[in-house]
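Okay, so here's the structure we're looking at.
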Amino acid sequence: MLRFAPSPTGDMHIGNLRVAIFNYLVARQKGEKLLIRIEDTDKERNIEGKDREILDILNLFGIKYDKVVYQSSNFHIHQQMAKQLLEKEKSFVCFCDEEELNFQREKAKKEKRPYRYSGKCENITKEEAQKLIKEKKPFVVRIKKPSENIKFNDEIKGEFEFSPFEVDSFVILRADYTPTYNFACAIDDMIYDISLVIRGEDHLSNTPKQIHIRNSLGYDKEIKYAHLPIILNEEGKKLSKRENHASVRWLLEEGFLPQAIANYLILLGNSFEKEVFTLEEAVKFFDLKKISKAPAKFDMEKLKFLNKEHMKKIENISEYLGYHPRYEELLKIFRDESSTLKEIKEKFDKVFEKSDDKEYEQEREILKKEILEHPLEEEYDDFKKRLMKNTSLKGKKLFMSLRELLINQKHGAEIKDLYKAMKPYLKEIITKR
RNA sequence: GUCCCCAUCGUCUAGUGGUCUAGGAUACCGCCCUUUCACGGCGGCGACACGGGUUCGAAUCCCGUUGGGGACGCCA
């Protein structure tokens with residue numbers, strides 16, 4: 001089984017979504033199930049309703065999953081495991097308070113060495129610990145650092161080896177008895193029998209910790225890992241959640257199609273024979289091992305290009321956008337010259353607004369009168385000839401003002417096509433222009 | 001600061017010692033199409049970060065420098 005493990009603490013951003021997509025693709029390729037695990041161990045930071053939003057986005061993108069679990073519902077198991085480690089003396093209770101730890105951190109910084117837990121509480125005797133606990137002194141549980149180096153092979157990045165010093169004696173159970181991320185994650189990956197973990201590269205240094213936890217519990221089945229390079233913004237810095245185009249919601253609101261966004265995120269850091277494809281097509285040729293090891297910059301222009309390509313594939317654009325089917329042909333014209341759904345909508349909505357352009361105001365009035373006084377010709381050429389003859393307008397004055405009369409835009413599609421598409425309701429529009 | 005990872009056109013990449021005058025896509029520019037704007041067609045600009053090795057031969061292997069990124073929480 002594979003898993004996608006988001007925390008319900010903020011908006012879904014494209015980095016998360018990419019991880020979800022890759023997990024989905026690989027699960028499909030391997031014929032394994034996909035688990036969605038909501039990592040809600042931090043009560044303080046959980047945001048009500050974010051879990052639902054995440055699942056909605058996954059559904060929207062066509063990422064099918066087999067099961068959803070909340071990490072918090074396994075707290076009793078995590079606590080039991082922590083107890084087990086305590087009994088086996090693979091972990092210890094730690095009474096160091098924030099003040100003490102901050103002091104150690106400051107000290108490490110001053111001495112220009114990385115901060116590690118001092119080991120202060122590691123050798124407290126059981127009796128002493130019992131006594132302090134009875135006195136209601138708050139404590140956490142720390143796992144003892146490993147005795148040997150932790151090695152693993154990353155499917156994308158290759159071999160890694162971490163020393164016990166790097167793994168450190170870290171906290172697995174907080175003072176309120178809830179598990180920390182690494183502990184809950186390591187155990188849940190174990191109990192749901194996860195075969196491969198695909199996640200962002202920011203988790204690389206958590207990996208030896210999680211392996212160490214399972215080792216300490218005596219779990220010896222290997223879990224494979226693949227850490228994806230992160231996505232950078234246009235300036236080459238880490239995409240922060242605050243940046244608009246990092247937010248999936250924002251991209252959707254801007255009129256990017258889910259299938260285009262998915263296409264882009266799969267393409268980023270990859271290369272395939274074809275660049276425009278659907279999620280389902282990608283199942284056939286996606287190769288996790290071929291992903292570039294270097295971080296990739298987000299390129300809005302390429303996304304726009306892909307969005308345009310995917311918009312062309314929409315069969316029934318009026319239905320898709322929720323407009324009356326009589327406007328299908330006109331919407332198709334706008335679709336072919338736009339790069340987002342928002343752009344199509346804006347162009348379309350403008351058609352129904354009153355024109356406020358002064359330049360061709362007079363010409364528009366002349367044309368309007370002429371058009372409304374006579375029945376419309378079947379062919380555009382005949383229509384055009386009549387207008388030229390009866391209004392004696394020509395060139396820009398005729399065509400630009402005519403286009404404005406039709407779609408409230410000086411520039412745009414060929415009038416011939418617009419005429420054909422709009423003929424059934426042309427007079428209606430012009431009357432209100 | 002310490003540890004780890006990475007490095008080819010502006011951007012995403014192909015490339016695994018000779019086939020590289022470095023290929024594709026996108027972006028940009030030009031031409032064609034077009035009484036406008038786009039689409040489309042054709043063409044153009046444009047990169048192996050730097051310095052040392054190894055080798056008959058290096059974008060490709062090794063070392064260093066530089067630059068970028070990640071991690072260092074009772075966050076995930």
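To find a chain, count down the sequence lines: A is the first, B the second, and so on, and within it residues start at 1. From a predicted model like this one, the values you see are computed outputs, not experimental measurements.
With B:C4, B:G24, B:C74 as the candidates, the nucleotide lying closest to the side chain of A:A175 is B:C74. In the set B:C4, B:A76, B:C6, the nucleotide with an atom closest to the side chain of A:Y181 is B:A76. With distances taken from any side-chain atom of A:D299 to the nucleotides B:U11, B:C72, B:A71, the minimum falls on B:U11. Closest to the side chain of A:S205, out of B:A71, B:A76, B:U13, is B:A71. Comparing B:G1, B:U36, B:A7 against the side chain of A:M400 picks out B:U36 as the nearest. Looking at the side chain of A:K312, the nearest of the listed nucleotides B:A25, B:G1, B:G40 is B:G40. Between B:C5, B:G24, B:C74, one nucleotide has an atom nearer to the side chain of A:F160 than all others, and that is B:C5. Of the listed nucleotides (B:G68, B:A38, B:C5), B:A38 has the atom at the smallest distance from the side chain of A:E337. Comparing atom distances between the A:I230 side chain and each of B:C5, B:A14, B:G69 picks out B:G69 as nearest. Nearest to the side-chain atoms of A:F305 among the listed nucleotides B:A76, B:A27, B:G70 stands B:A27.
Each of A:E159 and A:K302 was matched to the nucleotide of RNA chain B holding its nearest heavy atom; the match closer to the 5' end belongs to A:E159. Mapping A:R113 and A:Q71 onto RNA chain B by nearest heavy atom places A:R113 at the nucleotide closer to the 5' end.
B:C48 and B:U13 have their C1' atoms separated by 13 Å, given to the nearest Å. The gap from the C1' atom of B:A58 to that of B:G17 amounts to 6 Å, rounded to the nearest Å. Taking atom P on both B:G67 and B:C50, the two are 15 Å apart, rounded to the nearest angstrom. Straight-line distance between the C1' atoms of B:A76 and B:A38: roughly 45 Å, to the nearest whole Å. B:A7 sits 25 Å from B:G46 when the P atoms are compared, rounded to a whole Å. Separation of the C1' atoms belonging to B:C61 and B:U55 is 10 Å when rounded to the nearest angstrom.
No hydrogens or angles were tested; on distance alone, a donor-acceptor pair under 3.5 Å links the side chain of A:R403 to the base of B:U36. Taking only distance into account, the side chain of A:D202 never meets the base of B:A76 through a donor-acceptor pair shorter than 3.5 Å. Between the base of B:A7 and the side chain of A:K293 there is no donor-acceptor pair shorter than 3.5 Å.
Between A:T41 and the phosphate of B:A76, there is a side-chain N or O to OP1/OP2 separation shorter than 4.0 Å. Phosphate contact (OP1/OP2 of B:U13, side-chain N/O of A:K297, threshold under 4.0 Å): absent. Distances shown here put every side-chain N or O of A:T9 at or beyond 4.0 Å from the OP1 or OP2 atom of B:A76. Between A:K237 and B:G69, a side-chain N or O to OP1/OP2 separation shorter than 4.0 Å is present.
Within the nucleic acid shown, A:D176 has no heavy atom closer than 4.0 Å to any nucleic acid atom. Within 4.0 Å of A:G200, counting heavy atoms only, lies no atom of the nucleic acid at all. Heavy atoms of A:V171 sit under 4.0 angstrom from primed sugar atoms or phosphate atoms, though from no base atom. Within the 4.0 angstrom heavy-atom criterion, base atoms lie near A:E414. Counting any heavy atom pair closer than 4.0 Å across all strands shown, A:F399 reaches a base atom. In this structure, A:S292 reaches the sugar-phosphate backbone alone: every heavy-atom distance under 4.0 Å involves primed, P, OP1 or OP2 atoms, never a base. Residue A:M388 is classed as a base contact, given a heavy-atom separation below 4.0 Å to a base. Looking at heavy-atom distances under 4.0 Å, A:A413 makes contact with a base. Using a 4.0 Å heavy-atom cutoff across all strands shown, A:A296 reaches sugar-phosphate atoms only and no base atom. Contact annotation for A:H203: base contact, defined as any heavy-atom pair under 4.0 Å involving a base atom.
The nucleotide B:A49 finds its pairing partner in B:U65, both defining distances of the Watson-Crick or G-U wobble pair being shorter than 3.5 Å. When both distances must be under 3.5 Å, the Watson-Crick or G-U wobble mate of B:A14 does not exist.
The aromatic rings of A:Y327 and A:F348 stand perpendicular to each other, their planes meeting at an angle above 60°, with 30° marking the opposite boundary.
Of the residues A:H227, A:K157, A:K293, the one that meets the side chain to side chain donor-acceptor pair (under 3.5 Å) test with A:E201 is A:K157.
Nucleotide B:A38 holds its P atom 21 Å from the NZ atom of A:K416, rounded to whole Å. If you measure from atom CG of A:D417 to atom P of B:U35, you get 11 Å, rounded to the nearest angstrom.
The existence of a salt bridge linking A:E166 and A:K145 is excluded, since no basic side-chain nitrogen approaches an acidic carboxylate oxygen closer than 4.0 Å. Salt-bridge check for A:K120 with A:E122: failed, with every basic side-chain N at 4.0 Å or more from each acidic carboxylate O. A salt bridge does not link A:E106 with A:K110: none of the charged nitrogens is closer than 4.0 Å to a carboxylate oxygen. Contact check on A:K350 versus A:E353 returns no salt bridge, with no Lys/Arg side-chain nitrogen under 4.0 Å from an Asp/Glu carboxylate oxygen. The pair A:D42-A:R45 meets the salt-bridge criterion, with a side-chain N (NZ, NE, NH1 or NH2) lying under 4.0 Å from an Asp/Glu carboxylate O.
Anti is the classification of B:C20, since its glycosidic angle lies more than 90° from 0.
Stacking of A:R142 on the aromatic ring of A:F92 is not recorded, the 6.0 Å distance cut-off and the 45° axial limit not both being met.
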